[in-house]
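Remember, predicted model here, so these are calculated numbers, not experimental data.
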Amino acid sequence: MRLGLALGYWGRGPSPAHLDLATEAENLGYHSVWTAEAWGSDAFTPLTWIAAHTSRIRLGTAIAQMAARTPTATAMHALTLDHLSGGRMMLGLGLSGPQVVEGWYGRPFPSSPLTATREYVDVIRQVLRREAPVALDGRFHSHPYRGADGTGIGKPLKPITHPLRADLPLLLGAEGPKNIAQTTRIADGWLPLYWSPTRTDVYRASLADLPDGFMIAPMARAKVCDDVAEGLLPVKAMLGFYIGGMGHAARNFHADLMARMGYEKEARRIQELFLAGRKEEAVLAVPDAFADEISLIGPRERIAERLELWRKGPVTDLLLTAPDPHTLRVLAELNS
């Protein structure tokens with residue numbers, strides 16, 4: 001099991017610690033570093049900055065949002081950074097949800113998410129292979145565009161720039177069972193939002209036919225500390241926000257996932273509190289047990305014991321949201 005560093009997306013502004021953490025991760029032998037985006041900073045610019053200050057560590061987006069760019073624009077970002085970094089790019093994509101797609105990007109959430117994802121990936125693959133002009137008679141991503149409001153003179157094109165690698169790794173952040181199963185067929189890897197090493201049966205059916213070399217790369221908060229309850233508070237804050245605020249009361253993929261993992265009653269209560277404006281109560285309503293099983297928090301000995309559970313399962317890459325160099329160092333030592 002390889003280790004990665006997940007830096008996430010910016011809050012009010014860039015974190016002055018991110019570059020130092022990335023270079024420390026490279027020095028410690030971490031395989032990858034990952035950036036993200038929500039409705040603020042983008043994923044590719046910070047990753048490019050990190051690429052310029054490192055030389056070996058792989059560079060991933062976890063995740064870049066599909067609604068933010070056309071598939072050809074995303075492919076341009078990926079092939080450009082792959083060239084500039086000497087072939088270190090890994091492209092992680094996610095569909096996001098209706099609240100973000102329609103509220104922030106100002107476009108409709110696709111009526112068939114599986115089809116939209118499949119077409120998006122198809123176009124990117126065509127760009128990276130550069131075998132012929134991009135052509136797709138798609139429902140959501142037609143190339144050339146064939147809508148009634150178009151001119152009708154669109155021309156199929158292939159990239160001027162020759163991609164460095166036709167097989168640049170492409171991973172998807174999928175949550176629903178059908179979406180995960182499709183990911184194993186069309187992508188090179190999967191970026192789970194929550195992963196519990198003690199509940200792998202939740203995903204067994206979706207992962208029944210894994211191809212060779214397929215990456216399973218979940219994120220987990222890691223923190224070496226003496227007080228487990230205190231160390232879990234940032235995990236609970238994240239879960240409260242995602243489960244309570246990242247979606248509509250009637251359509252929240254994150255809350256649905258928590259429910260499938262055995263915490264349905266708790267997930268609905270978190271939503272109820274968060275949407276009522278009682279955000280602190282929503283965070284406190286996140287069960288310690290759930291926050292604990294999807295993270296690595298506590299003294300070194302406790303983390304070492306729990307890390308073995310992750311190593312025994314199908315996870316190929318553990319992406320750590322580790323806030324300090326000491327934690328990065330301890331995890332590197334324990335995983336060696």
Side-chain angles (χ1 to χ4, degrees), residues 34 36-39 42-44 60-79 89-129 134-143 145-147 166-195 202-203 205-211 213-219 242 246-248 251-257 260:
W34 303 74
E37 59 190 10
W39 47 91
D42 77 280
F44 290 99
T61 54
I63 59 173
Q65 298 186 13
M66 292 187 232
R69 306 163 189 85
T70 65
T72 47
T74 298
M76 290 167 62
H77 275 294
L79 74 85
M89 178 67 194
M90 296 186 289
L91 180 61
L93 299 171
L95 199 58
S96 194
Q99 185 185 47
V100 176
V101 173
E102 298 183 4
W104 179 248
Y105 293 114
R107 56 191 305 176
F109 188 77
S111 55
S112 177
L114 270 72
T115 301
T117 299
R118 191 166 57 249
E119 291 179 3
Y120 202 101
V121 170
D122 186 349
V123 172
I124 290 175
R125 298 287 203 197
Q126 289 190 52
V127 173
L128 294 176
R129 287 195 300 266
V134 176
L136 178 67
D137 186 14
R139 178 176 170 186
F140 299 98
H141 299 290
S142 289
H143 286 70
Y145 180 70
R146 296 181 177 87
D167 59 350
L168 185 154
L170 191 154
L171 299 87
L172 294 175
E175 293 183 50
K178 292 182 179 178
N179 204 344
I180 297 169
Q182 175 176 266
T183 296
T184 67
R185 296 191 297 270
I186 67 172
D188 302 301
W190 173 43
L191 295 159
L193 179 61
Y194 314 135
W195 180 274
V202 173
Y203 302 114
S206 299
L207 301 175
D209 299 310
L210 286 181
F214 188 83
M215 293 175 61
I216 297 179
M219 294 186 192
Y242 271 70
M246 280 277 210
H248 190 269
R251 195 171 188 183
N252 184 316
F253 302 137
H254 310 313
D256 293 343
L257 174 57
R260 287 197 299 275

Qualifying residues under side-chain hydrogen bond (donor to acceptor under 3.5 Å, both in side chains), relative to Asn179, sequence neighbours excluded = none

Do Leu91 and Phe44 have side chains that get closer than 4.5 Å, going by heavy atoms?
-> yes

Separation between CH2 (Trp104) and OG (Ser96), nearest 0.5 Å, reads 12.0 Å

Ring pair (Phe, Tyr, Trp, His ring centres under 6.0 Å) with His141: which residues, sequence neighbours excluded?
-> Tyr120

Mind checking the CD1-CE spacing from Ile63 to Met219? Nearest 0.5 Å is all I need.
-> 8.0 Å

For Pro110 and Pro113 the tightest heavy-atom approach is O-CD, 3.7 Å

Sorted by chain and residue number, the side-chain hydrogen bond (donor to acceptor under 3.5 Å, both in side chains) partners of Glu119 (sequence neighbours excluded) come out as none

Beyond-backbone contact of Tyr194 with His254, side-chain heavy atoms, under 4.5 angstrom = yes

For Tyr203, the ring pair (Phe, Tyr, Trp, His ring centres under 6.0 Å) test, sequence neighbours excluded, returns Trp190, Trp195

Who are the salt bridge (charged side-chain N to carboxylate O under 4.0 Å, His left out) partners of Asp188, not counting sequence neighbours?
-> Arg125

What is the distance from atom CG of Leu191 to atom OG1 of Thr61, rounded to the nearest 0.5 Å?
-> 8.0 Å

Pair Trp34-Leu171, side-chain contact (heavy atoms from CB on, under 4.5 Å): steps then yes or no = CA-CA 12 Å; Trp34 303 74; Leu171 299 87; 4.2 Å; yes

Roughly how far, to the nearest 0.5 Å, is the OG1 atom of Thr117 from the CD1 atom of Ile186?
-> 6.5 Å

Closest approach of Ala174 and Thr183, non-hydrogen atoms and distance?
-> CB-OG1, 3.5 Å

Non-hydrogen side-chain atoms of Asp256 and Glu175 separated by less than 4.5 Å | no

Min side-chain heavy-atom separation Val101-Arg107 under 4.5 Å = yes

Testing Leu93, Val134, Leu168, Thr72 for side chain to side chain contact (heavy atoms under 4.5 Å, CB included) with Ile124, which one passes?
-> Leu93

Determine whether Trp39 and Gln65 make a side-chain contact, defined as any pair of heavy atoms from C-beta on separated by less than 4.5 Å.
-> no

In short, Ser111 meets Phe140 closest at the heavy-atom pair OG-CZ, 3.8 Å

Do Ser206 and Thr184 have side-chain heavy atoms sitting under 4.5 Å apart?
-> no

Approximate separation, where rounding is to 0.5 Å, of Arg139 CZ and Thr115 OG1 = 5.5 Å

With side chains defined as the heavy atoms from C-beta onward, is the minimum distance between Met90 and Met215 less than 4.5 Å?
-> yes

Which residues pass the salt bridge (charged side-chain N to carboxylate O under 4.0 Å, His left out) test with Arg69, sequence neighbours left out?
-> Glu37

